[in-house]
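Given the structure is predicted, the values throughout are model-derived calculations rather than measurements. Keep in mind that the numbers below use all heavy atoms, side chains included, and drop hydrogens, waters and symmetry copies.
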Number of protein chains: 2
Amino acid sequence: MEHRIEKIKKQLHSQSYKLTPQREATVRVLLENEEDHLSAEDVYLLVKEKAPEIGLATVYRTLELLSELKVVDKINFGDGVSRYDLRKEGAEHFHHHLVCGECGSVEEIEDDLLEDVEKIVESDWGFKVKDHRLTFHGVCRKCQADSKTNTALSS
Amino acid sequence: MEHRIEKIKKQLHSQSYKLTPQREATVRVLLENEEDHLSAEDVYLLVKEKAPEIGLATVYRTLELLSELKVVDKINFGDGVSRYDLRKEGAEHFHHHLVCGECGSVEEIEDDLLEDVEKIVESDWGFKVKDHRLTFHGVCRKCQADSKTNTALSS
DNA sequence: TTCTGTGCAAACATTTTGCAAAGTC
DNA sequence: GACTTTGCAAAATGTTTGCACAGAA
């Protein structure tokens, strides 16, 4: 945890940005909620618990900054809100998501499933891939099981 | 062109919706600009040329409706705007996109590159895939060529 | 007439910006 | 003192909603 903050601090410094208390609080919230996909508002509310004097605009500005530094990735699952997701240590690419249409849960996939696909895109389309966004929409394991149970009960 | 309108008309009717003049004008704009990735505003302005009395809300409502019917797909490339993309005839899945970070161009890929990946997701994660969103961010062929030329010139 | 669809304007939600004050080097 | 960062409030943006009216079945 602490070493990840240190690392981000160095990344900021290398571009002559400072890790202010507000920025640090924001980063800590992101680290503590790595599994979730927080919106700016979510982050704001959580940061406010530790640092009540922070403003929403600052959170936006911080998230924007972290986005530029590729510390976080900004994603959008189709509802109108941007969500911010910490990039895993050493990850070159953004991880993938499984969004369940029934319960709304979002599962993360770390494995890079796209290596082969990227090779095809680079060779067949001449497109130099720098990053990707891959999201599957469907039904998660749990909801599939639930709906089977319900079907069984109602029949 | 006409037969695609007919088809959409039938799809609407099957759910007891009507293909009103406004809706038809909207669909036509989408058909005529299939290559582009129009925002609601873009569609609105183009529809207005043919049917000046149409309101923006109607365009939104139409796009929403077409989205539900899976006639169009709503996408978001990271700028704050939703874009609407006609689903190709007979396509079960949404097609993929290559977004160039230099010139902003968006290229479409029809091939289903994800068959294998989906199989892995279904077997390893137990996730029933219904649809996907795949976007690559990078540098398109043209911009790569341009930057090579510039490098050569400036050296 | 009943129901669907429309246009307009107002409401809404999210995000960005201007600016003066505060903090840092 | 020059420069960065912040908080607040206002503005901008994109989208949705309420409602009275128009149109089709």
Measure [atom1]/[X] against [atom2]/[N] and give the value in whole Å, please.
X: B/E53; N: C/dT6; atom1: CD; atom2: C1'; result: 10 Å
X: A/I54; N: D/dA9; atom1: CD1; atom2: P; result: 16 Å
X: A/Y44; N: C/dA13; atom1: OH; atom2: P; result: 16 Å
X: A/Y17; N: C/dC25; atom1: OH; atom2: C1'; result: 17 Å
X: A/L19; N: D/dT6; atom1: CG; atom2: C1'; result: 15 Å
X: A/Q15; N: D/dC3; atom1: CD; atom2: C1'; result: 17 Å
X: A/D79; N: C/dC12; atom1: CG; atom2: P; result: 20 Å
X: A/L12; N: D/dT4; atom1: CG; atom2: P; result: 15 Å

Mutual orientation of the aromatic rings belonging to A/F77 and A/H97 [parallel < 30°, tilted 30-60°, perpendicular > 60°]: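 Perpendicular, since the angle between the ring planes exceeds 60°.
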
Within 45° cone and under 6.0 Å: B/R87 NZ/CZ vs B/F94 ring: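 No, B/R87 and B/F94 do not form such a contact.
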
Any A/V117 side-chain heavy atom under 4.5 Å of B/F136 side chain: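 A side-chain contact exists here, since the closest heavy-atom pair is under 4.5 Å.
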
With a 4.0 Å limit, can you tell me whether [X] has a side-chain N or O closer than that to the phosphate oxygens OP1/OP2 of [N]?
X: A/Q22; N: C/dG23; answer: no
X: A/T58; N: D/dT6; answer: no
X: A/T20; N: D/dT5; answer: no

A/D112 side chain vs A/L114 backbone, donor-acceptor pair below 3.5 Å: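 Checking the backbone N and O of A/L114 against the side chain of A/D112, a donor-acceptor pair under 3.5 Å is found.
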
Whether B/T58 side chain and B/I54 backbone form a donor-acceptor pair below 3.5 Å: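 Flag not set: sc B/T58 to bb B/I54 has no pair under 3.5 Å.
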
Which pairs, protein N/O on one side and nucleotides 12-16 of chain D N/O on the other, fall under 3.5 Å?
residue : atom : partner : partner atom : Å
D/dT15  : OP1  : B/S82   : N            : 3.1
D/dT15  : OP1  : B/S82   : OG           : 3.2
D/dT15  : OP2  : B/Y60   : OH           : 2.6
D/dT15  : O5'  : B/Y60   : OH           : 3.2

Pair B/D85, B/H37: side-chain N/O donor-acceptor within cut-off below 3.5 Å: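 B/H37 and B/D85 do have a side-chain donor-acceptor pair below 3.5 Å.
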
Partners meeting side-chain hydrogen bond (donor to acceptor under 3.5 Å, both in side chains) with A/E107 (sequence neighbours left out):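 By the side-chain hydrogen bond (donor to acceptor under 3.5 Å, both in side chains) rule, A/E107 matches no residue at all.
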
Sugar-phosphate only, base, or nothing, as touched by B/R61 at under 4.0 Å among non-hydrogen atoms: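 Base contact - B/R61 has a heavy atom under 4.0 Å of at least one base atom.
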
Nearest heavy atoms of A/L113 and A/H96, plus distance in Å: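 Of all heavy-atom pairs spanning A/L113 and A/H96, the closest is N-NE2, 3.6 Å.
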
Footprint string (nucleotides 20-25 of chain D, 5' to 3'): B base within contact, S backbone only, - free, heavy atoms under 4.0 Å: ------

Pair A/E6 + A/K10: basic N to acidic O under 4.0 Å: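 Result for this pair is no, no salt bridge flagged.
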
